[in-house]
Student: 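Following this message is one structure expressed as structure tokens.
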Amino acid sequence: MRSALLRWYDREARDLPWRRTQDPYAIWISETMLQQTRVETVIPYYERFLSRFPTVETLADADADDLMEHWAGLGYYRRARNLQAAARCVVDEHGGALPDEIEGLLSLPGVGRYTAGAVASIAFDRPAPIVDGNVARVFARVFGIREELRSAPVQARLWEKAEALARGLRPGDLNQAVMELGATLCTPRAPECPRCPLARHCDAREAGDASALPVKAAKKPPKRVAAVAARLERNGKFLAVRRPPKGLLGGLWELPGGDLSPGETPEATASRSLHERVGLIAKVCEPLGSVEHVFTHRRLTLHVLRVKVGPERVRRQGYDAHRWLSEAALNALPLSKIARKAIALGR
DNA sequence: CAAGCGTGGGA
DNA sequence: TTCCCAAGCTT
């Protein structure tokens with residue numbers, strides 16, 4: 001299997017930006033961005049991020065808003081703050097060099113078993129195993145694993161198989177070859193078995209049920225929620241607020257607002273939440289429409305309103321910064337996709 | 001161990 | 001439209 005994989009990978013590997021470097025820092029950034037995120041989405045973010053923060057020192061010293069500007073739109077924003085926290089740890093406690101073994105890597109915030117194995121094998125040529133979604137799917141098919149994929153025993157078995165695979169020459173390329181296979185041929189639906197270098201070794205191919213594997217329990221549907229965002233204009237400037245670092249969309253800027261309580265109208269929510277969260281009294285609320293947004297665990301309807309307020313000073317509660325900004329300056333902030341949709345609706 | 005955490009693309 | 005999900009980690 002190893003030689004078949006490596007022959008195929010040497011021939012077919014895609015030319016990806018992080019495959020043109022041996023810099024452990026750059027490889028770590030790429031692996032973090034690639035968590036739950038598609039290659040095509042990551043590429044432009046990776047290029048911009050590495051240009052702006054080319055070394056672990058520049059990342060450790062980055063301004064928080066500058067950092068989030070380079071992550072805005074990529075999702076799972078905790079990853080960005082964990083990267084910076086880890087960069088500071090590398091600078092302060094490892095002399096600026098990324099740990100070159102699993103244990104040291106695992107101790108960094110945001111680095112779990114997968115990322116530690118990826119960096120150790122790809123950047124440092126260690127025989128470290130990795131199991132991601134691709135590896136799990138390929139292995140489930142090749143080894144004919146028909147039990148539910150996320151169960152503890154199946155996970156343990158997948159990691160054992162991965163460990164056996166990585167034990168040999170070119171562990172980083174072997175790990176990447178399995179992921180590459182999962183991403184390009186051994187895809188969730190309609191796998192291209194005739195072109196697969198592992199076809200001769202594959203249990204599911206033999207049994208004819210490759211597209212039925214792996215077996216996964218259904219996920220719970222996202223909960224429907226509703227909220228308001230206020231387009232609050234005063235003297236030609238708009239009020240922007242920054243969410244606290246932890247939790248949903250942490251560290252990103254948006255229009256002030258809040259969640260609808262049961263039975264509450266958007267207008268009432270706007271008045272109440274603006275009073276509670278920025279200390280302003282709404283005098284006029286005019287609905288501008290609504291936008292839909294789906295998170296992993298929430299399906300949000302966001303009602304956008306144009307709101308007029310009195311001359312009171314802003315008193316924040318629950319946000320960790322606020323600014324009155326021109327529309328151009330507002331759009332230059334690190335905004336989530338949903339915030340961009342809300343702002344676009346007001347024009 | 002389940003839940004929380006984004007976004008966009010394809011079927 | 002709706003669903004599934006993509007190089008996971010933390011709590």
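A note on names: the letters A, B, ... follow the listed sequences, proteins ahead of strands, and every chain is numbered from 1. Keep in mind the model is a prediction, meaning the values are calculated, not measured.
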Student: In whole angstrom, what separates A/Glu292's CD from C/dT2's C1'?
Tutor: 13 Å

Student: Tell me what A/Val294 touches on the nucleic acid: a base, only sugar-phosphate, or nothing, going by heavy atoms under 4.0 Å.
Tutor: base

Student: Describe the nucleic acid contact of A/Ser336 in one word from base, sugar-phosphate, nothing, applying a heavy-atom distance below 4.0 Å.
Tutor: sugar-phosphate

Student: Does the gap between the ring centers of A/Phe139 and A/Phe143 come in under 6.0 Å?
Tutor: yes

Student: Do other residues, nucleotides or ligands put more than 12 heavy atoms under 6.0 Å from the CZ atom of A/Arg224?
Tutor: no

Student: Does A/Arg141 use its side chain to pair, donor to acceptor, with the backbone of A/Cys186 at less than 3.5 Å?
Tutor: yes

Student: Reading DNA chain C from 5' onward, which residue's closest nucleotide shows up sooner: A/Val39 or A/Leu108?
Tutor: A/Val39

Student: Using whole Å, what does the distance between atom P of nucleotide B/dT7 and atom CZ of A/Arg78 come to?
Tutor: 15 Å

Student: Parallel, tilted or perpendicular: which one describes the rings of A/Phe295 and A/His297, with boundaries at 30° and 60°?
Tutor: tilted

Student: Grab the CG-P distance between A/Leu149 and B/dA2 for me, whole Å please.
Tutor: 14 Å

Student: Please determine if a side-chain N or O atom of A/Lys219 lies less than 4.0 Å away from the OP1 or OP2 oxygen of C/dC3.
Tutor: no

Student: Which part of the nucleic acid, if any, lies within contact of A/Gly73, taking any heavy atom under 4.0 Å across all strands shown: a base, the sugar-phosphate backbone alone, or nothing?
Tutor: sugar-phosphate

Student: Report yes if at least one side-chain N or O of A/His297 is closer than 4.0 Å to OP1 or OP2 of B/dC5; otherwise report no.
Tutor: yes

Student: Using a 4.0 Å heavy-atom cut-off across all strands, classify A/Leu16 as base, sugar-phosphate, or nothing.
Tutor: base

Student: Spell out yes or no: do the side chain of A/Thr296 and the base of B/dG6 have one donor N/O and one acceptor N/O closer than 3.5 Å?
Tutor: yes

Student: Across the strands shown, which category fits A/Arg81 at heavy-atom distances under 4.0 angstrom: base, sugar-phosphate, nothing?
Tutor: nothing

Student: Would you indicate what A/Arg340 reaches in the nucleic acid, counting non-hydrogen atoms under 4.0 angstrom: base, sugar-phosphate, or nothing?
Tutor: nothing

Student: Phosphate oxygens OP1/OP2 of B/dG9: is one of them under 4.0 Å from a side-chain N or O of A/Thr41?
Tutor: no

Student: Hey, which of these two, A/Leu248 or A/Lys220, hits DNA chain B nearer its 5' end, going by closest nucleotide?
Tutor: A/Lys220

Student: What contact category does A/Arg243 fall into here, base, sugar-phosphate, or nothing, at under 4.0 angstrom with non-hydrogen atoms?
Tutor: nothing

Student: Report which part of the nucleic acid A/Pro188 touches: base, sugar-phosphate, or nothing (heavy-atom distance under 4.0 Å, all strands).
Tutor: sugar-phosphate

Student: Is A/Thr32 side chain donor-acceptor paired with the C/dG8 base, going by distance under 3.5 Å alone?
Tutor: no

Student: Under 4.0 Å from OP1 or OP2 of B/dA2: is there any side-chain N or O of A/Arg150 that close?
Tutor: no

Student: Compare every heavy atom of A/Gln35 with every heavy atom of A/Arg79, then report the nearest pair and how far apart it is.
Tutor: NH1-O, 2.9 Å

Student: Between A/Tyr77 (OH) and B/dC5 (P), how many Å, whole number?
Tutor: 13 Å

Student: Starting at atom CZ of A/Arg224, determine the distance to atom P of C/dT2, rounded to an integer number of angstrom.
Tutor: 7 Å

Student: Would you say A/His293 reaches B/dG6's phosphate, i.e. side-chain N/O to OP1/OP2 under 4.0 Å?
Tutor: no

Student: Is a donor from one side chain sitting under 3.5 angstrom from an acceptor on the other, for A/His70 and A/Arg52?
Tutor: no

Student: Considering only the P atoms, how many Å lie between C/dC9 and B/dG8, rounded to the nearest integer?
Tutor: 22 Å

Student: Would you mind telling me which of B/dG9, B/dG6, C/dC9 lies closest to the side-chain atoms of A/Arg38?
Tutor: B/dG9

Student: In whole angstroms, how far is the C1' atom of B/dG6 from the CZ atom of A/Arg298?
Tutor: 13 Å

Student: For the pair made of CG in A/Asn82 and P in B/dG6, what is the distance, rounded to whole Å?
Tutor: 12 Å

Student: Looking at the side chain of A/Arg189, which of C/dT10, C/dC4, B/dG6 is the nearest nucleotide?
Tutor: C/dC4

Student: So, OP1 or OP2 of C/dG8: does either fall under 4.0 Å of a side-chain N or O from A/Gln36?
Tutor: yes

Student: Please tell me which of the listed nucleotides, B/dG10, B/dT7, C/dC9, lies nearest to the side chain of A/Leu249?
Tutor: B/dT7

Student: What is the distance, rounded to the nearest whole Å, between atom CH2 of A/Trp71 and atom P of B/dT7?
Tutor: 13 Å

Student: Any luck finding a side-chain donor-acceptor pair between A/Thr269 and A/Glu264 under 3.5 Å?
Tutor: yes

Student: Starting from the 5' end of DNA chain C, give me the residue, A/Lys246 or A/Tyr76, whose nearest nucleotide shows up first.
Tutor: A/Tyr76

